[in-house]
Amino acid sequence: MAGAEFFRTFYPIQPIERIMTHHSLRRSPLAPAGGATAGLLSRLDSGEPVHLDELPTPSLLLDLDLFEANLDKMSGNAKRHSIGLRPHAKTHKCPEIARRQVEAGALGACTATIHEAEVLAAGGIPGLLITSEMVGRNKMERLVALTRRQPDTMSVVDDIAHARQLNDAAEAGEVRLNVLVDIDPMGRRTGTTAGAAAFALAEGILKLSRLNLRGVHSYSGASSHVVGFAERKAHSEEVMAPPIETYQKMKKAGMPVEILTGCSTGTYNIDPFQDEITEMQVGSYVFMDVDYQIIGGEGGEVYDDFAPALTVLTTVMSKLHRDLATLDAGMKAFATDRESVPEVKGISGTRYQFGGDEHGMLQLPNPSREIKLGDRLEFVVPHCDPTVNLYNYLLLRRGEQVEGYWPVAGRGHS
């Protein structure tokens with residue numbers, strides 16, 4: 001039995017409408033919401049402003065003034081350097097933010113999962129690039145269905161066996177899939193080796209009738225958090241040199257490659273100066289977090305190129321000790337995947353530590369102001385991407401007023 005016939009028999013391609021229904025894209029990501037939460041959202045839906053003091057805690061806040069400034073700065077940077085901008089939606093998982101990025105000049109959006117891509121497509125976002133390999137029946141079936149709906153959808157490949165599977169799936173689904181050769185700059189997570197291996201993979205893809213080779217994907221996550229601008233620049237230039245050289249050889253050989261995509265928020269002012277990189281996948285710039293603040297900027301020890309627009313609002317739930325306050329925000333309120341910890345906004349001389357699922361312990365060796373029972377404190381998050389994944393929606397604030405909310409519709413997996 002031929003590959004496409006086998007795939008068509010055992011992996012029947014479902015229409016995108018059925019997949020979207022099956023994966024709950026038509027349900028409100030906020031449901032069920034009861035009690036105070038339902039009332040709050042109803043008030044915001046009606047246009048009634050809500051004061052920060054009325055919010056339940058912990059709540060995920062987005063400062064619209066800072067967010068909009070971040071959006072404008074990155075878009076302006078891309079335009080000045082004549083480089084494409086395809087921001088990574090794994091940071092926000094929110095169709096409304098992706099829409100605003102496209103309106104500001106982005107080509108589309110990157111996603112880490114097929115679920116994120118389906119959610120953005122349902123929200124009308126074009127130019128989707130899924131930056132993880134879509135391996136296995138479920139993901140390939142959904143990629144085919146999504147491409148049928150949005151023919152410009154792209155994904156990545158690092159193995160010829162996977163490319164052949166995608167080709168069979170595409171033939172069974174009667175579509176053509178757009179793919180990029182995934183080259184590992186150094187992390188050994190995914191991606192083939194630059195040079196001969198990547199070139200051979202590209203040659204193999206060109207022989208497959210249902211795949212369109214579009215270019216090269218090579219993202220150096222390790223470069224993004226190298227501390228010190230000079231050190232970060234040297235790191236990115238070193239690890240990106242082999243993928244760039246491979247891309248150049250592909251073009252010289254007449255391959256139909258037009259895209260070399262990579263670049264993080266940490267290298268947004270480095271990679272545009274490297275020859276051949278055509279797109280930036282920057283993501284965290286819209287929100288920012290503690291992890292990025294500590295890497296240092298071009299002009300100093302703190303990376304403050306983009307403002308911390310994302311915070312978590314908490315409440316001091318216990319204050320029985322002079323040097324310690326207990327908060328209602330622990331592991332279920334902040335991501336715990338990094339060594340960095342949340343930092344309280346506007347108060348120095350404190351140190352957060354996790355105290356369990358629901359509790360955070362705020363050490364007070366030398367606080368710049370008194371911390372009392374019932375105080376509501378805002379924290380810059382340690383790592384924005386997985387922290388956002390813990391919440392159903394972003395509450396939109398200007399000053400002390402909350403103006404609305406945006407669902408984090410792509411959170412989780414399904």
Side-chain angles (χ1 to χ4, degrees), residues 62-88 90-92 97 101 104-106 110 185-187 219-241 262-274 277 279-312 334-335 337-352 368 378-388:
L62 180 62
D63 186 310
L64 288 176
D65 292 328
L66 299 181
F67 162 76
E68 290 163 359
N70 291 343
L71 203 67
D72 291 343
K73 183 170 183 178
M74 186 62 80
S75 297
N77 175 74
K79 291 171 184 175
R80 281 194 306 277
H81 297 296
S82 300
I83 190 169
L85 183 61
R86 202 182 303 267
H88 217 303
K90 70 185 179 71
T91 298
H92 55 74
I97 290 179
Q101 289 173 316
C110 293
M186 68 172 293
Y219 177 84
S220 177
S223 297
S224 63
H225 288 280
V226 172
V227 176
F229 179 80
E231 292 80 2
R232 192 160 59 252
K233 181 174 183 292
H235 189 281
S236 185
E237 289 174 348
E238 178 182 358
V239 301
M240 288 303 297
C263 185
S264 69
T265 296
T267 59
Y268 86 100
N269 53 355
I270 295 169
D271 291 344
F273 297 100
Q274 300 201 58
I277 296 179
E279 293 183 6
M280 299 191 294
Q281 292 183 18
V282 291
S284 298
Y285 76 97
V286 292
F287 292 154
M288 297 311 296
D289 53 34
V290 176
D291 253 14
Y292 265 114
Q293 289 181 342
I294 63 179
I295 67 172
E298 190 170 4
E301 294 184 359
V302 177
Y303 184 91
D304 57 4
D305 295 40
F306 302 93
L310 186 77
T311 58
V312 170
F334 298 104
D337 61 313
R338 301 292 174 90
E339 293 183 4
S340 58
V341 294
E343 291 188 358
V344 67
K345 193 172 182 178
I347 304 174
S348 60
T350 68
R351 173 71 177 177
Y352 177 98
S368 58
E378 284 187 59
F379 285 80
V380 178
V381 305
H383 187 190
C384 54
D385 302 19
T387 295
V388 171

| request: Could you tell me whether a side-chain N or O of R232 sits under 3.5 Å from a main-chain N or O of V226, the two making a donor and an acceptor? | output: yes
| message | Quick check on the 6.0 Å ring-centre criterion: do Y292 and F306 meet it? | response | no
| field | Atom pair OG (S75) and CZ (R80), whose distance is rounded to the nearest 0.5 Å | value | 10.5 Å
| request: Taking D63 for its side chain and P308 for its backbone only, find out whether a donor-acceptor pair lies under 3.5 Å. | output: no
| query | How far does CG of D304 sit from CD of E298, to the nearest 0.5 angstrom? | reply | 11.5 Å
| note | So CD of E237 and CD1 of I270: to nearest 0.5 Å the spacing works out to 7.5 Å
| task | Working to the nearest 0.5 Å, report the span between CD of Q274 and CE of M240. | result | 6.5 Å
| said: Using every non-hydrogen atom in the two residues, find where A307 and L66 come nearest and quote the distance to one decimal. | reply: CB-CD2, 3.9 Å
| So do H225 and D291 actually touch side chain to side chain, heavy atoms under 4.5 Å? | yes
| Could you state the interatomic distance from OG1 (T267) to OH (Y219), rounded to the nearest 0.5 Å? | 7.0 Å
| query | Do L71 and Q101 come within less than 4.5 Å of each other through their side chains, counting heavy atoms only? | reply | yes
| said: Do P87 and L85 have side chains that approach each other closer than 4.5 Å (heavy atoms only, starting at C-beta)? | reply: yes
| query | Of all heavy-atom pairs between H92 and V388, which one has the smallest distance, and what is that distance? | reply | O-CG1, 3.7 Å
| message | Regarding D289 and S284, do their side chains bring together a donor and an acceptor under 3.5 Å, going by distance alone? | response | no
| Is K73 close enough and on-axis enough to Y285, meaning under 6.0 Å and within 45°, for cation-pi? | no
| said: Are V286 and M74 packed together at the side-chain level, in the sense that at least one heavy-atom pair is separated by less than 4.5 angstrom? | reply: no
| query | Is any side-chain heavy atom of V341 less than 4.5 Å from a side-chain heavy atom of F334? | reply | no
| request: Taking the side chain as every heavy atom from C-beta outward, state whether I97 and F287 have any pair of such atoms under 4.5 Å apart. | output: yes
| Criterion side chain to side chain contact (heavy atoms under 4.5 Å, CB included) on Q293 and M288, from CA distance to verdict | CA-CA 8 Å; Q293 289 181 342; M288 297 311 296; 5.7 Å; no
| How about M280 and N77: do any of their side-chain heavy atoms sit closer than 4.5 Å? | yes
| Going by the angle between their ring planes, with limits at 30° and 60°, are Y268 and Y303 parallel, tilted or perpendicular? | perpendicular
| note | When every non-hydrogen atom of V282 is compared with those of T265, the smallest separation belongs to CG1-N, 3.6 Å
| said: Can you give me the closest heavy-atom contact between A222 and M186, atom names plus distance? | reply: CB-SD, 4.1 Å
| query | Of the non-hydrogen atoms in K79 and A104, which two are nearest, and what is the gap between them? | reply | NZ-O, 3.5 Å
| said: Can you confirm whether K90 is buried at NZ, in the sense that more than 12 heavy atoms of other residues, nucleotides or ligands lie under 6.0 Å from that atom? | reply: yes
| said: What I'd like to find out is whether the side chain of S220 reaches to under 4.5 Å of the side chain of H235, using heavy atoms alone. | reply: yes
| request: Enter the distance from L310:CG to L62:CG here, rounded to the nearest 0.5 Å. | output: 6.5 Å
| Which atom of A335 lies closest to which atom of P386, heavy atoms considered | CB-CG, 3.4 Å
